[in-house]
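Along the sequence shown, residues carry numbers from 1. If you're wondering where the values come from, they're calculated on a predicted model, not measured in any experiment.
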Amino acid sequence: MIGEAIDTALTLGWWLLGWTVVFGVVGTIALLTLALLGGWAATGLWRGVVHPSWGYGRTRARIYAARRVRAHTGHTGPSTYKEAA
């Protein structure tokens with residue numbers, strides 16, 4: 001009877017060790033995957049930060065500047081003041 005209890009304890013101990021190793025490997029893979037995805041997302045966010053127009057390259061800077069600046073039409077807006085007579 002004591003022999004069976006010891007045998008059961010050893011068997012359960014080996015099973016516990018085996019599952020600990022399996023969970024450790026799976027946890028490590030999951031942790032490294034999350035770290036990789038987090039780094040990838042952070043890189044994407046960092047590259048998406050607005051840079052000065054000269055930081056985009058010549059062509060992209062010109063397109064960016066053309067979209068940001070309106071051409072002068074030569075017309076002035078209506079005045080909001082009364083001129084003296």
Nonpolar side-chain network containing I6, other nodes, edges under 4.5 Å:
I2, L10
Spacing of OG1 belonging to T33 relative to CG belonging to L37, to within rounding of 0.5 Å:
6.5 Å
Side-chain donor-acceptor pairs under 3.5 Å in residues 15-27, sequence neighbours left out?
unit_1 : atom_1 : unit_2 : atom_2 : d
T20    : OG1    : L16    : O      : 2.6

If I take atom CD1 from residue I29 and atom CG from residue L34, how far apart are they, to the nearest 0.5 angstrom?
12.0 Å
Which residues pass the side chain to side chain contact (heavy atoms under 4.5 Å, CB included) test with T28, not counting sequence neighbours?
L32
